[in-house]
Amino acid sequence: MLAKNSLVPNRFEHAPLTVFANSLEASRAVARQVAELIGTRQREGLPTVLGLATGSTPVSFYAELVRLHHEERLSFANVITFNLDEYRGLAPEHPQSYLSYMREHLFDHVDIPAANTHLPDGAVPGAAVDAQCREYEEKIRAAGGIDFQILGIGRTGHIGFNEPGSARRSRTRLVTLDPLTRSDAAGDFGGEEHTPRYAITMGVRTILEARRIVLMAWGQHKAGIVRTSIEGEITSQVPASFLQEHDQVHFILDQAAAGALARYRTPWLLGALEDQGLAWDERMTRRAILWLSQKCKKPILKLTDDDYNESSLQDLLQVYGSAYETNLAGFYQMQHTITGWPGGRDPARTKPGDAPVRPLRAPSANVFPKRVLVLSPHPDDDVISMGGTLCRLVEHGHEVHIAYQVSGANAVSDESLWRALLFVRDLGLTDSETTRRMQALCSAYEGAGVLPASTELTRWKALVRRHEAIAAAHACGVPTSHLHFLDLPFYHGAPARRRQLGEADVEIMRQLLCSLRPHLVFAAGDLDDPHGTHRLCLHALRDALELSAGEPWFREAELWFYRGAWAEWELDEIDLAVPLSPQEVLRRRRAIFRHETQKDQALFLGDDRREFWQRTEDRGRRLADAYNALGLAEYEAIEAFRRYSPEEFLRHGQL
Ligand code: F6R
């Protein structure tokens, strides 16, 4: 959780920004500003020209505009809109077109005349694209220019679809989408092979001509690019950095998206902590020492007074008295994160002189065996992110349950299902009717290269993943009777980036928690997943915990968050580090191999073509190397977790 920091703006930030507690509050604040502008201009008899974005970011912003229309009589009769972009090749009525998006989220719910809304047409013939782009610019000019431009930001740093390399002088035009952008959008299109390659977008110059610009960004997965855009130099490699040149731009961030800014990561570089409303508490101390050790490329215990003094850490030296004492404080904090007994040890088998099981906390520290619930958003996240820890918990005698939150059916290719259907067809054991159906489906796939989409086939794809999960859990020693396939309904509704959690999702989670009454809950505290599934799964856990707050087990439970397939915790965020032996790494690899249908996914992961087991092993090794570089023990691999009590987690609402 980020601390409040009053020292703003600072020398690192080249654009103004406001950080909100969460994206909902932030969206409401932006909607309010837009409503005020519309109101003021209406009173002056003037129209308001809005530049609009799509994607997952502005969903709550549009919801708030719709609410203001219904409940506070905000009228759009005098509003003219221009959308930033549209996918090339999609007809306006295509369900994934940005026109469909705008109708679903705004246009169909407010009193805006259809003639006042403008989007590039993705379906015009190739020869007409340039003329259309010129006309789009002309229409913006004729409307008097854009008064208020709403932007999101892509992980590539794109605004609109101006990908890295876009020139500052660029205008509305046809562009090629970056592989990372396509991989982020693949969930909306049922796989990257169906995701458009091109789009028509307003140019950087078109955007910069707006009189006022607000860029919104939510979530940890945007933190890196937000930082580069605000603190980095202006470069066409990060098109959002051009916004630094605009004198009426404002970045609106939630805490996760702001998390990589210097004001939070290295506040000591901005001035005295107390002047910023901050203190040298344990976490801040650890963060500074780890930062210094990495900066100086020295193990913690070799840092000197000079190292601290020369790196703006004189105040920290004052707190501890000397580099020696400061080093020890940081060293012990890190050492105490390491445990080979992630669930604690059987007290009956503990001998005097055994190493203490450090990171465990009251109240359930001495309970043995523990009921452990591992929550896996998709059917493979458990083994990918904590396969080694999972095996240890089982071996140490704990009662380990795994709950798979969504079916994962969307990530099974037609080809994978076709192979399963061939198997059933050729078994010759089923009745002839089934055999005929299998034959028809297989022939359909062999002819067209795709299977006909249907709810039944989606269910079969879910089964394929279920069986992979059963095999992977088996490889870790978890019996099938301890597996829970929750199949949360939110996953099957809207396209990936427009999904919302419902009461049914939360109720399923609540029932699971109440029936298992776990001592330890492991969950993906992973807000980096570009498709947002992990985020919704985490929110489902949060809401279910909220409903369970009165239960006796709730007070004794501990939550441990792993980071998921996309990123690792920062060193200073880690509360528990479970070291793995080379044999355990291999065992985890075998478990990940059971998820055969997911191997193909590597082909679709942006520029990074590594398979999940490779990412897992690289990540575990990198973390082990980082511990080693700090001067701690040398391990083969480490799996890392962040710990919260349920109360702490509910207080924070998000990580
Ligand atoms: C959308 C657009 C894009 C998105 C960006 C972020 O019209 O032009 O720049 O704003 O890709 O997408 P989300 O919000 O889905 O993360």
Side-chain angles (χ1 to χ4, degrees), residues 23 26-27 30 50-63 81-88 90 96-107 117-120 122 136 146 149-164 166 170 172-189 195-196 198-204 206-207 210 213-226 229 238-243 251-254 256-257 494-500 527-536 566 606:
S23 59
S27 305
V30 179
L50 300 180
L52 298 179
T54 53
S56 60
T57 307
V59 170
S60 337
F61 161 73
Y62 291 130
T81 65
F82 288 91
N83 266 79
L84 282 164
D85 39 23
E86 179 58 280
Y87 288 116
R88 173 80 182 128
L90 297 196
Q96 299 310 327
S97 77
Y98 282 162
L99 175 61
S100 302
Y101 174 104
M102 288 311 301
R103 294 189 57 177
E104 180 187 335
H105 291 283
L106 185 69
F107 297 162
T117 64
H118 305 87
L119 285 100
Y136 205 65
I146 292 172
Q149 175 67 54
I150 296 292
L151 295 177
I153 182 171
R155 288 194 299 155
T156 58
H158 71 215
I159 45 175
F161 276 136
N162 294 286
E163 299 287 15
S166 296
S170 54
T172 303
R173 67 204 187 289
L174 181 68
V175 291
T176 306
L177 298 174
D178 188 278
L180 184 59
T181 301
R182 292 186 66 228
S183 124
D184 283 357
D188 293 347
F189 288 92
T195 306
Y198 308 100
I200 296 171
T201 181
M202 279 187 198
V204 175
T206 328
I207 294 172
I213 302 177
V214 162
L215 183 146
M216 302 188 281
W218 327 135
Q220 232 160 23
H221 62 303
K222 298 282 174 76
I225 196 65
V226 162
S229 307
V238 184
S241 67
F242 285 123
L243 297 172
F251 282 72
I252 300 284
L253 309 172
D254 70 356
R497 290 192 291 174
R498 298 188 215 164
R499 291 179 190 138
Q500 282 176 335
L527 307 172
D528 268 334
D529 157 34
H531 311 311
T533 307
H534 289 204
R535 198 170 18 247
L536 288 179
W566 311 93

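Here, residue 1 is the first one in the sequence, and each next residue gets the next number. Values below: every heavy atom of this structure, side chains too, minus hydrogens, waters and symmetry copies. In listed order, ligands and their atoms are each counted from 1.
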| Mind checking whether Y98 and Y101 have parallel, tilted or perpendicular rings, split at 30° and 60°? | perpendicular
T117 side-chain N/O to T81 backbone N/O, donor-acceptor pair under 3.5 Å:
no
Ligand 1 to G55, heavy atom cutoff 4.0 Å, flagged ligand atoms 14 (O), 15 (O)
Counting heavy atoms under 4.0 Å, the part of D85 that contacts ligand 1 is side chain
Going by the 4.0 angstrom heavy-atom rule, the piece of L151 near ligand 1 is neither
Per-atom filter on ligand 1: closer than 4.0 angstrom to a heavy atom of A53 are 7 (O)
Atoms of ligand 1 under 4.0 Å from any heavy atom of L84, numbered from 1 in the order shown, are 8 (O)
Correct closest heavy-atom pair for G122 and E86 would be N-CG, 3.7 Å
Within 4.0 Å of some non-hydrogen atom of S56, the atoms of ligand 1 are 13 (P), 14 (O), 15 (O), 16 (O)
Checklist entry - Does the gap between the ring centers of F161 and Y87 come in under 6.0 Å? => result yes
| task | Would you please indicate yes or no on a ring centroid separation below 6.0 angstrom for Y136 and F82? | result | yes
**Asked** Is there a nitrogen or oxygen of G160 sitting under 3.5 Å from a nitrogen or oxygen of ligand 1?
**Response** yes
*Got an N/O contact under 3.5 Å between Y98 and ligand 1?*
no
For K222, the atoms of ligand 1 under 4.0 Å from one of its heavy atoms are 6 (C), 13 (P), 16 (O)
If we ignore hydrogens and angles and just use 3.5 Å, is the side chain of D178 paired with the main-chain N or O of L180 as donor and acceptor? yes
Does a donor on one side chain and an acceptor on the other come within less than 3.5 Å for H158 and T181? yes
In ligand 1, the atoms that come under 4.0 Å of a heavy atom of H158 are 3 (C), 5 (C), 9 (O), 11 (O)
